[in-house]
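Only a predicted model underlies this, so the values are computations on that prediction, with no experimental measurement involved.
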Amino acid sequence: MSTPTDSVELVGDEVTGNVARAVLFAAATSATAPVDMVHPLAPNVPITLQTVWVYLAGIVLGPLWAGVAFTLYLLAGLIGLPVFAGGNAGLGVILGPTGGFLIGFPLAAMTIGAVAHGRDGLTPPSDVPVPRLFLALTAGTLVVYAAGAVGYALVQAIGLVAAVTAVVVPFIPVAALKVAATIAIVRSDAIVAR
């Protein structure tokens, strides 16, 4: 006896689409991670485009799926795929001096999504007011840098003020440029959430 299966839907179209978008953001972040620059004032912390993807994921995917995207990204790195800055991978990177920044990615993406979209559901990115975008991106930046500074302080066995001075203060202009670029991308209609 056979059972017809053409009416069985294991996962809905909306979930399938959200998973696909989360995977795309994780993949885009992974693809740009090997491209990094050395900051002259903080040579141990690379400048990458990863945070721009964190920002965009929060705005496009919302808090839940942006968090999923960067959890997938971290899992890919943990299993050995070369998705972290400089093409690195593994638990050693997460537990290393800059691992706190990586741990902050899913938290920041969720924060950005929550602030940008509020409780009313997902708003099209181009409809999120610029002040709200700025607030969301600033909050996400603070989450990434707080996690990064705490991780750096723990691994390097230094005080939190010394860690902020070493790995946050030199990157404030870079972060401001990334926030401005993200707002410009969102306002350019280059992305459309569907």
Side-chain angles (χ1 to χ4, degrees), residues 14 17-18 20-29 31-33 35-37 39 41-42 45-74 85 98 100-152 160-161 163-165 167-194:
E14 184 178 351
N18 285 328
R21 284 187 278 278
V23 168
L24 283 173
F25 271 95
T29 306
T32 58
V35 180
D36 62 5
M37 298 183 337
H39 193 297
L41 300 177
V45 181
I47 298 173
T48 70
L49 294 175
Q50 293 167 300
T51 47
V52 173
W53 292 110
V54 172
Y55 295 166
L56 289 170
I59 294 166
V60 172
L61 302 177
L64 173 64
W65 291 103
V68 168
F70 283 92
T71 299
L72 291 173
Y73 170 74
L74 290 179
T98 59
F101 291 97
L102 294 170
I103 292 168
F105 285 177
L107 302 172
M110 291 186 293
T111 300
I112 292 165
V115 174
H117 298 288
R119 297 177 183 214
D120 299 331
L122 202 58
T123 306
S126 60
D127 292 348
V128 178
V130 170
R132 194 166 188 162
L133 282 174
F134 179 76
L135 181 61
L137 296 172
T138 300
T141 301
L142 290 173
V143 169
V144 169
Y145 283 131
V150 168
Y152 191 82
L160 192 54
V161 172
V164 168
T165 302
V167 298
V168 174
V169 173
F171 291 91
I172 291 173
V174 175
L177 285 173
K178 290 178 182 181
V179 166
T182 303
I183 291 173
I185 291 167
V186 171
R187 283 292 175 246
S188 72
D189 293 330
I191 55 172
V192 178
R194 296 181 190 199

Are any non-hydrogen side-chain atoms of Leu102 and Tyr73 less than 4.5 angstrom apart? yes
Between Tyr55 and Val186, is there a side-chain heavy-atom distance shorter than 4.5 Å? no
Please tell me if the side chains of Leu133 and Arg187 come closer than 4.5 Å, counting only heavy atoms from C-beta onward. yes
Backbone N or O of Ile59 within a donor-acceptor pair of the His117 side chain at under 3.5 Å? yes
Atom pair CZ (Phe171) and CG (Leu177), whose distance is rounded to the nearest 0.5 Å: 13.0 Å
Minimum heavy-atom separation for Leu61 to Ala66, with atom names? CB-N, 3.7 Å
Which of these, Val168, Ile172, Val169, sits in a side-chain contact (heavy atoms from CB on, under 4.5 Å) with Tyr145? Val168
Side chains of Pro124 and Asp127: does their closest heavy-atom pair fall under 4.5 Å? yes
Hey, are the side chains of Gln50 and Phe105 touching, using non-hydrogen atoms and a 4.5 Å cut-off? yes
How far apart are the closest heavy atoms of Ala147 and Gly104, and which atoms are they? CB-CA, 3.7 Å
Locate the shortest heavy-atom distance separating Ala163 from Ala149; write the atom from each residue and the value. CB-O, 3.4 Å
Euclidean distance, Asn18 CG relative to Leu64 CG, rounded to 0.5 Å: 7.5 Å
Which heavy atom in Ala139 sits nearest to a heavy atom in Val115, and how many Å separate them? CB-CG2, 4.5 Å
Value for CG (Leu137) from CG (Leu142), rounded to nearest 0.5 Å, stands at 11.0 Å
Starting at CH2 of Trp53, measure out to OG1 of Thr32 and round the result to the nearest 0.5 Å. 6.5 Å
Looking only at heavy atoms, which two atoms of Ala69 and Ala22 are closest? And how far apart? CB-O, 3.4 Å
Atom pair CG/OG1 of Leu160 and Thr165 - distance to nearest 0.5 Å: 9.5 Å
Which residue in the set Thr51, Val167, Thr48 passes side-chain contact (heavy atoms from CB on, under 4.5 Å) when paired with Phe101? Val167
